[in-house]
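Structure, as structure tokens:
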Amino acid sequence: MVIQESMSIQKKLEVLSDAAKYDVACTSSGIDRKGNGSGMGNSIAAGICHTFSADGRCVSLLKVLYTNECIFDCKYCINRSSNDIARASFTPQEIAELTMEFYRRNYIEGLFLSSGIIISPNHTMELILEALRLLREVYHFNGYIHCKAIPGADPVLIEMLGWYTDRMSVNLELPTAESLKELAPNKNRKNILKPIRQIQLGRKGNREFLGLPDFKEQPKLIIEGTPDHDIKEIITSDTGIVPFKNKTLGKRRFVPAGQSTQMIVGATKETDYQIMSVAESLYDNFDLKRVFYSAFMNVNQDIRLPSTEQGPPLLREHRLYQADWLLRFYGFQAMELLDEERPNFNILLDPKCDWALRHLELFPVEVNRADYYTLLRVPGLGTNSAQRIIMARKSAVLDFNDLKRLGVVLKRAIYFITCNGKTMYPIKMEEDFITRQLVALKDQIPHGIDKDITYRQLSLFDDVNFQIDSRIKTRQASI
Amino acid sequence: MMKYVYLCDNSIDGIFTAIYQAWASRYGHANIKIEAKCENSKYSNIELFAEYIMVNTDPSLSEKVSNSIKKKISREAFEMVCRVALSDFEGKADLIYRFLILGFASGNSIMENISQVVVNQMLRINKNVSNEVHHLLGFIRFSEQENGLLISVIHPKNNVLTLVTPHFADRLPNEKFMIYDDNRKVAAFHIPGNSWVIAQVPELNQKILEEIPEYEDEYRALWKTFFDHIAIKERINPKLQRNNLPLRFRGDITEFRNSNTV
């Protein structure tokens, strides 16, 4: 398609927000920053959602691409170079003005800027850098900025960008090096991991320089991850990573809200176990704030990729997010939830229920005595409920009515807890019984993403492993 | 025993004054009930065998109550009490009274006694108000006028204007803005260089809501374009959208409105 030089800003926004929508991260969280009294903007650590689009996702930032022109040809991407689509590019001035005017009207919490790769990674990064410099230094924008680092760009550019942004992310795209090579031939896993490592070291150096505490929120029960080959290589040899220098930049902070990444789920044959292990080693080794999972959509109708005519694998994505929370806030490890023999999550049960049913020997748990991490392992109890229970039991012995009053949701938990040694109803501690009860709960599979489960008529020959006996086969052949 | 009902203004000062007077009366906590005059007059259930006492709001008495809450319980408890006083919960004045009876007796540990019925209800209302405030930080939309004034009209359930405005004063220090609570006919004003103020505006000039400069329309159109194009078709999920963004807010949100007024 011919690139129109005089495209209206309306049309550009249309093209470039359309192209950016497949990026998952749109959070504005991780950093508390007061207004500075002169510029415009502040930031709140919890993040603020400004609206919710028709797909129900939070819109917090003005999420656009700088350009959707791209020299790369990744098979899954709508903007790949071999696609014949409308292409457009903003100018740094346009980005800065749009952000400021939207921000004044409280449409957005800040800017999320990503980009296709135009001419070269370095050239693209320079354009992005110019847009952010305008925003921060000319318009004195003090709100949230999330920016993508382009893999393969010069480390100096990545560092310069880091001083302007609150959060940076480099997309891992696919869990393993093989599938990356297959679907994104121009990308290289080590090139992706290098900037992640650089940003991690930069953040660490900056925090030490400013004397900020270096906190890891959740102590893991056992830290014995097995990072894959590439990750191990990147974290042990810091080759090609520019050592971070503590420049006298006053109190400026380097990527204060941390970094995130994103993986596509369902485009390649990786199992949930592989995906979770990669996510876990990213959290453990690179100090990532978030790993996002994006259900694959065959936007290019590419014959080499799985079809998504039935809709994207949203339920699988949902289960991965549930497990991700278990890793980050509940002290679980990937190898507890899944293993080589059972490499995928149960469709019908959430990962925690599934885990608990395989470990009934640990239950029931006494609510009035169990410690925080034990409570967290009870299906149906989250961090809020567990904290409330711990607080409330200081001044009273809790019974089931108290739990209800505290807002603890009991429909899953009743099978796994006792109050003063009693369960709520007489309950058989038997796997089949509890499984039946849990599967019957309606919210096990959230509304709107249940379309990839299909029902079929039961039949006498419903055994999945049903195979014709070889002896019968030969006999049939002889007849 | 005779029952005494203290009828006070529906404001933090009003409720605190009533609490001070009720406490000082020595009628006994069990014989006292405090009622705030409700903002929407659907409530008028006068009790027969009770003596009604009208409370005139007195800032000096109210300050005494605030100081003792901060001193005897905690700053955190004071903030919670204020948020409950700003809520639209009908029995809030009496609930605060019951909470303070417990709180003054046991000090800050009352905040941890969350299975206690009164404390629990306070926490719930507190959370409800905080949630609405947090929602509005995102859902408020400003429209610019010809003279550069940013205007926003909201219809909140609770009286949240005093809780919402500091955020915007901090965020937009160089902007003139006004946030108008259409349910209570109250507005918050901010002018650069001054601290923000709250004022009663019984009748807002409708004209200023309708006269919108052309460039304002353009930015709205741009925003709507962005909003429409950021959704992924294959994942459309109205139920999830409604869960996250309840319908009651949508009347005031630019991208969900068709008309061109503020």
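To find a chain, count down the sequence lines: A is the first, B the second, and so on, and within it residues start at 1. Below, each value reflects all heavy atoms present in this structure, side chains not excepted, and no hydrogens, waters or symmetry copies.
- Salt bridge annotation for B:Glu175-A:Arg105: absent, with no cationic side-chain nitrogen under 4.0 angstrom from a carboxylate oxygen.
- Only the side chain of A:Phe102 has a heavy atom closer than 4.5 Å to any heavy atom of chain B.
- Most heavy-atom pairs under 4.5 Å with chain B: of the set A:Val59, A:Leu403, A:Leu62, this distinction falls to A:Leu62.
- The local environment of CD in B:Glu76 is sparse, with at most 12 non-hydrogen atoms from other residues, nucleotides or ligands closer than 6.0 Å.
- Distance alone, capped at 3.5 Å, is enough to place a donor-acceptor pair between the A:Arg405 side chain and the B:Ser115 backbone.
- Counting heavy atoms from C-beta on, the side chains of A:Tyr107 and B:Arg220 come closer than 4.5 Å.
- Both the backbone and the side chain of A:Ile9 come within contact range of chain B, with heavy atoms under 4.5 Å apart.
- In this structure, the portions of B:Asn113 lying under 4.5 Å from any heavy atom of chain A include both its backbone and its side chain.
- Shown here for A:Ala54 and B:Ala231, the closest heavy-atom pair between the two residues is N-CB, 3.9 Å.
- For B:His134 against A:Ile48, the heavy-atom pair with the smallest separation is CE1-CG1, 4.1 Å.
- Using a 4.5 Å cut-off between heavy atoms, A:Arg393 does not touch chain B at all.
- B:Arg235 has its side chain within reach of A:Glu317: a pair of non-hydrogen atoms, C-beta onward, lies under 4.5 Å apart.
- Of the listed residues (B:Asp228, B:Ile140, B:Asn243), the greatest number of heavy-atom pairs within a distance under 4.5 Å of chain A belongs to B:Ile140.
- Heavy atoms of A:Met40 lying under 4.5 Å from chain B belong to its backbone as well as its side chain.
- Contact annotation for B:Arg124: only side-chain heavy atoms (C-beta onward) come within less than 4.5 Å of a heavy atom of chain A.
- A:Ile44 touches chain B through its side chain: at least one heavy atom from C-beta onward sits under 4.5 Å away, while N, CA, C and O do not.
- In this structure, OH in B:Tyr219 is found 5.5 Å from CD in A:Glu97, a value given to the nearest 0.5 Å.
- Listed options B:Val119, B:Asn174, B:Ile253 were ranked by heavy-atom pairs under 4.5 angstrom with chain A; first place goes to B:Asn174.
- Heavy atoms closer than 4.5 Å to chain B are found in both the backbone and the side chain of A:Ile108.
- Between the side chain of B:Asn244 and the backbone N or O of A:Gly56 there is at least one donor-acceptor pair closer than 3.5 Å.
- B:Ser109 does not touch chain A: none of its heavy atoms, backbone or side chain, sits under 4.5 Å away.
- The candidate from A:Gly143, A:Cys49, A:Ser60 with the greatest count of non-hydrogen atom pairs under 4.5 Å with chain B is A:Cys49.
- For the atom pair OG of A:Ser294 and CD1 of B:Ile232, the computed distance is 7.0 Å after rounding to the nearest 0.5 Å.
- Minimum heavy-atom separation, A:Arg104 to B:Glu144: NH1-OE1, 2.7 Å.
- Within the structure, ring-ring contact (aromatic ring centres under 6.0 Å, His included) contacts touching residues 176-200 of chain B (residues at least two apart or in different chains) are B:Phe142-B:Phe177, B:Phe177-B:His190.
- For the residue pair B:Thr225 and A:Glu14, no side-chain donor N or O sits within less than 3.5 Å of a side-chain acceptor on the partner.
- Looking only at heavy-atom pairs under 4.5 Å with chain B, the residue among A:Ser53, A:Gly407, A:Ala20, A:Ser43 that has the most is A:Ser53.
- With B:His229 contributing its side chain and A:Ser17 its backbone, the two residues share no donor-acceptor pair below 3.5 Å.
- When each of B:Glu216, B:Met111, B:His135 is checked for heavy-atom pairs under 4.5 Å with chain A, B:Glu216 comes out on top.
- The distance from the SG atom of A:Cys58 to the CD atom of B:Gln241 is 12.0 Å, given to the nearest 0.5 Å.
- Contacts between A:Ala396 and chain B at a heavy-atom distance below 4.5 Å involve the side chain alone, from C-beta outward.
- A:Phe52 is listed as a side-chain neighbour of B:Phe139, based on a closest heavy-atom distance under 4.5 Å.
- Between the CG atom in B:Leu245 and the OG1 atom in A:Thr51 there is a gap of 5.0 Å [rounded to 0.5 Å].
- Contacts of B:Phe249 with chain A are absent, with no heavy-atom separation under 4.5 Å from either backbone or side chain.
- Contacts of A:Gln387 with chain B are absent, with no heavy-atom separation under 4.5 Å from either backbone or side chain.
- For A:Ala19, no part lies under 4.5 angstrom from a heavy atom of chain B.
- The neighbour count for B:Arg250 CZ, taken as heavy atoms of other residues, nucleotides or ligands under 6.0 Å away, is above 12.
- Heavy atoms from other residues, nucleotides or ligands lying under 6.0 Å from NZ of A:Lys404 number 12 at most.
- If you measure heavy-atom distances from A:Lys394 to chain B, the contacts under 4.5 Å come from the side chain alone.
- Not one N or O on the side chain of A:Arg388 forms a donor-acceptor pair closer than 3.5 Å with the backbone of B:Ile114.
- Looking at heavy atoms from C-beta onward, A:Glu101 lies out of side-chain contact with B:Tyr215 at the 4.5 angstrom threshold.
- Residue B:Gln121: no heavy atom, backbone or side chain, is found under 4.5 Å from chain A.
- Residues satisfying the salt bridge (Lys or Arg N to Asp or Glu O under 4.0 Å) test with B:Glu132, not counting sequence neighbours, are B:Arg248.
- To the nearest 0.5 Å, atom CD of residue A:Gln10 and atom CG of residue B:Leu222 are 5.0 Å apart.
- Between A:Gly35 and B:Asp170, the shortest heavy-atom distance links the atoms N-OD2, 2.9 Å.
- Listed for the A:Asp55 side chain is no donor-acceptor partner under 3.5 Å among the backbone atoms of B:Lys233.
- A distance of 6.0 Å separates NE2 in B:His167 from CG in A:Asn106, rounded to the nearest 0.5 Å.
- At a 4.5 Å heavy-atom cutoff, B:Ala169 makes no contact with chain A through either its backbone or its side chain.
- Shown here is A:Gln301, whose CD atom has more than 12 heavy atoms of other residues, nucleotides or ligands within 6.0 Å.
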